[in-house]
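Here's the structure, in structure tokens; my notes come after.
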Amino acid sequence: MLGKTANGLYWMFRYLERAENTARLIDTGQRIALTRSGNTDEEWEPVLKSSGTAEMFFAKYDAVTKDRAIDWLLRDKANPSSVLSCHVAARQNGRLVRNAITVEVWEALNACYMRAQEMLARKRSERDLPAVLGALRQSTGLVRGATHGTMLRNEIYNFARLGTFLERADNTARIVDVKYYVLLPSVRAVGSFVDNVQWETILRSVSARGGFRLEYGSGAGPREIAQFLILDRRMPRSLAFCTFKICENLSYLGGESSDLPPSTVLASEIYKDHLTQDIEGIFDIGLHQFLETILAEYGRLGQQIEIDYRFYE
Amino acid sequence: MDQKTYFDEMWGEGDALRSPYAQFNSWFEGQDNSSLRAKQREAEEVFRLMGITFNVYGQQEAEERLIPFDIIPRIISGAEWRRLSKGIEQRVRAINAFLHDIYHRQEIIKAGRLPEHMISENEAFLPHMIGVSPPGGIYTHIVGIDLVRTGPDEFYVLEDNARTPSGVSYMLENRETMLQMFPELFAKNKVQPVETYPAHLRKSLAACAPPMCEGKPTVAVMTPGIYNSAYFEHAFLADEMGVELVEGTDLTVQDGRVAMRTIRGYKPIDVLYRRVDDEFLDPLNFNPDSALGVPGIMDVYRAGGITIANAPGTGIADDKAIYSYIPEIVEFYTGERPILQNVPTWRCSEADSLAYVLDNLEDLVVKEVHGSGGYGMLIGPTASKKEIAAFRKKLKAKPAGYIAQPTLSLSTVPIFSKAGLAPRHVDLRPFVLVSPDGVDITPGGLTRVALKKGSLVVNSSQGGGTKDTWVLEE
């Protein structure tokens with residue numbers, strides 16, 4: 001397989017995952033703003049920070065408003081991580097690796113792209129958002145279904161999954177981090193009704209409410225939620241699950257020899273160092289601190305993968 | 001448009017159904033027009049979803065367009081095809097021999113059969129190829145010969161395409177589409193298959209492995225990238241042959257070979273089917289601004305480290321000025337009279353011809369010697385006085401840049417239009433594979449059709465479409 005093909009596969013799936021998660025982020029932002037009293041426009045700033053595009057946003061606009069933030073995240077071409085930009089990039093990468101993916105995957109990808117172009121051609125009102133975001137989630141789901149259903153479990157598949165899981169881990173960490181950007185008015189508010197509602201919305205935005213309630217019951221609070229999203233190996237969006245999968249993929253790709261590629265080694269270190277402790281350990285470090293550290297590690301891992309598998313010269 | 005003026009391949013010169021269309025016509029008469037229209041639309045949907053598009057560079061961004069496909073096949077009898085094949089094979093062999101000669105002893109010039117300036121002043125002549133012996137002795141691994149028909153037994157070669165002929169993916173996808181939409185037609189009509197092209201292509205390329213090849217030859221297709229108008233075809237052929245699709249940025253010269261960057265390291269390529277023009281192939285040896293090529297690939301080639309298909313420098317056989325000498329060339333290298341005719345051609349570089357052409361611009365087709373895609377040409381009979389006057393100026397300024405030909409009464413084949421069957425002008429591009437094992441001509445090829453009523457311009461970039469082409473067994 002060409003390094004360029006591995007690159008294209010990895011990025012096609014990273015962009016698809018990012019599109020989906022940006023949509024989830026918009027959803028989360030909307031709901032948090034709804035549960036707060038006071039200036040709802042300000043609530044969007046932490047969301048922008050979590051998306052990693054705040055700096056670019058403020059290069060374009062002097063102040064954040066709800067409408068601007070939604071449009072920026074949803075369809076602004078100047079935002080390389082907007083839902084629309086991600087779909088365009090995913091398809092461009094898909095074209096590059098056409099011969100590596102099955103016809104079903106290509107057609108699902110193409111259909112996804114055409115849907116996004118159609119639904120995001122014009123500015124969407126806040127009222128339309130649930131329907132728009134839902135439809136886009138469905139389209140990306142089809143690509144995932146085609147991938148699982150038709151692709152041979154070889155190097156091609158592993159690079160695709162690697163892209164998905166690295167992006168998902170990164171994005172989940174950012175979504176959880178949104179919680180800690182929303183500064184509570186006072187320390188007494190920790191554990192309060194408002195705090196809990198906000199944690200609930202985080203769960204909702206990663207489609208985790210049902211699963212969580214089944215496992216932890218209705219009395220659980222923020223600590224259990226954080227545990228679920230960071231450490232629970234059964235939860236497909238948790239950092240532990242994603243990192244474990246990344247280790248599996250890199251193990252497959254890295255081969256059996258004693259001379260393991262640095263990315264394979266780095267991935268298992270990330271897992272061992274950060275995701276084998278319990279939630280108390282994480283809260284002792286400080287949730288935000290923990291997330292900042294692991295996000296940087298994921299970034300390093302991404303760079304090492306590019307080197308090990310010769311994505312570029 | 002009067003059907004009696006042109007030869008129609010289905011109805012002849014009047015209303016007499018020609019025999020290759022007998023079975024097809026009885027099927028067609030039993031069809032419901034609205035269901036056929038639905039099938040025509042279905043074909044377009046399939047093409048769009050599959051992304052069988054080409055890029056057009058318009059005002060801002062590139063658009064992806066479909067080349068319209070018409071469901072009425074162009075049908076040629078086996079006997080007609082046999083005659084054509086003999087002529088095509090003869091011509092292709094002669095072109096290959098010509099290329100070898102022109103880059104070695106230039107016997108044809110010494111014999112006075114071709115003026116020396118036609119080669120020495122020709123931009124397409126590549127000095128880097130002097131004395132080079134391509135593996136297997138093959139210069140033109142893939143050739144597309146553009147033919148037009150003016151009567152039941154009258155064919156003319158319009159153009160030879162010996163550099164990077166394209167369109168074969170449409171030939172293959174058109175057949176596939178017809179097989180899927182109208183399987184019953186193929187039960188009644190014994191159509192010679194074209195699906196074997198990719199396998200034959202791969203075999204043909206592998207048979208030209210370079211001296212440094214070890215073991216089974218590694219073949220790859222080289223593309224300029226996803227922004228190239230024919231990218232779909234490059235990816236399609238690589239996929240069908242089961243070989244890698246590479247760009248310049250995937251390649252490097254290493255240990256005397258050209259190697260591609262895989263996730264496990266660099267792997268040498270033996271045979272490179274490149275869809276990048278000579279000029280952009282090697283920034284060290286040719287255009288230094290090219291970002292599409294591989295620095296030093298030409299040196300590897302000359303040392304026997306890689307086979308490049310088609311070989312560099314074949315453009316000289318493609319050339320519209322050399323075209324007028326092809327009949328001489330066929331005779332010189334085969335000792336035979338040419339089976340296929342050239343269109344009568346006036347070289348405007350010659351004073352007498354120029355005078356004639358200037359006097360008769362309204363009746364002639366004038367083409368740029370180094371043009372392509374149907375651009376930069378004048379179709380006298382349909383041009384306005386203003387267009388003719390403007391062209392006259394261009395011609396006088398640079399006469400050596402032009403050739404002229406009479407307008408031909410191109411044959412027509414019906415398309416399925418809103419008004420039912422309606423005749424439209426067509427041409428034909430058979431694809432020829434050349435290897436040390438012989439010349440392999442795919443039965444049929446690409447039929448391009450001018451969709452606009454009365455138009456003679458079949459190029460896709462100017463509104464042309466395509467048809468499935470059938471060569472019947474008998």
Side-chain angles (χ1 to χ4, degrees), chain A residues 1-12 77 88-115 117 142 146 154-156 158-159 162 249-250 252-255 257 259 261 263-264 305-313, chain B residues 45-55 60-64 169 173 176 180 198 218 220-254 259-267 269 291 294-295:
Chain A
M1 176 193 293
L2 294 179
K4 178 191 69 188
T5 305
N7 185 357
L9 284 163
Y10 171 83
W11 280 104
M12 172 184 153
K77 287 201 175 125
V88 171
R91 186 186 180 257
Q92 281 293 67
N93 278 287
R95 281 191 79 207
L96 204 60
V97 302
R98 261 199 93 131
N99 294 352
I101 56 181
T102 60
V103 170
E104 278 93 344
V105 174
W106 165 256
E107 287 182 356
L109 176 69
N110 214 15
C112 199
Y113 164 79
M114 295 194 299
R115 197 101 183 269
Q117 290 280 48
L142 279 172
N154 59 6
E155 286 171 342
I156 296 173
N158 274 273
F159 277 109
L162 199 54
N249 292 135
L250 286 173
Y252 177 95
L253 292 168
S257 74
D259 201 11
S263 51
T264 304
I305 289 168
E306 286 175 11
I307 296 168
D308 290 351
Y309 297 101
R310 301 175 174 82
F311 283 8
Y312 307 106
E313 303 279 312
Chain B
E45 261 320 292
V46 168
F47 277 59
R48 194 171 290 284
L49 194 58
M50 290 195 62
I52 306 176
T53 59
F54 72 104
N55 295 341
Q60 292 140 333
E61 298 168 344
E63 302 170 34
E64 281 179 45
S169 59
E173 290 293 24
E176 181 59 33
Q180 278 186 35
T218 299
V221 177
M222 181 185 188
T223 177
I226 61 173
Y227 298 111
N228 181 271
S229 58
Y231 176 74
F232 167 76
E233 180 159 302
H234 310 158
F236 178 81
L237 288 173
D239 194 26
E240 293 281 309
M241 288 197 284
V243 304
E244 280 292 358
L245 179 70
V246 300
E247 292 174 58
T249 48
D250 298 312
L251 305 177
T252 193
V253 171
Q254 219 184 52
M260 54 184 170
R261 188 178 73 253
T262 72
I263 57 174
R264 308 287 176 205
Y266 282 91
K267 181 167 186 236
I269 295 174
V294 187

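Chain letters run A, B, ... following the sequence lines, proteins first and then strands; every chain starts at 1.
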Region of [X] that comes under 4.5 Å of a non-hydrogen atom in chain B:
X      : answer
A/D308 : backbone
A/E155 : side chain
A/Y312 : backbone

Next on the checklist: I'd like to know which of A/N7, A/V103, A/L253, A/T5 tops the heavy-atom pair count under 4.5 Å against chain B.
Outcome noted: A/L253
Checklist entry - Under 6.0 Å between ring centres, would you say that holds for A/Y309 and A/F159? => result yes
Item to check | Sequence neighbours excluded, every pair satisfying side chain to side chain donor-acceptor pair (under 3.5 Å) that has a member inside residues 237-249 of chain B | outcome: A/K4-B/E247
Checklist entry - Got a sec, which residues hit salt bridge (Lys or Arg N to Asp or Glu O under 4.0 Å) with B/E173, two or more places apart in sequence or on another chain? => result none
Next on the checklist: side chain to side chain contact (heavy atoms under 4.5 Å, CB included) for A/L2 and B/R261? Distances and angles first, verdict last.
Outcome noted: CA-CA 6 Å; A/L2 294 179; B/R261 188 178 73 253; 5.8 Å; no
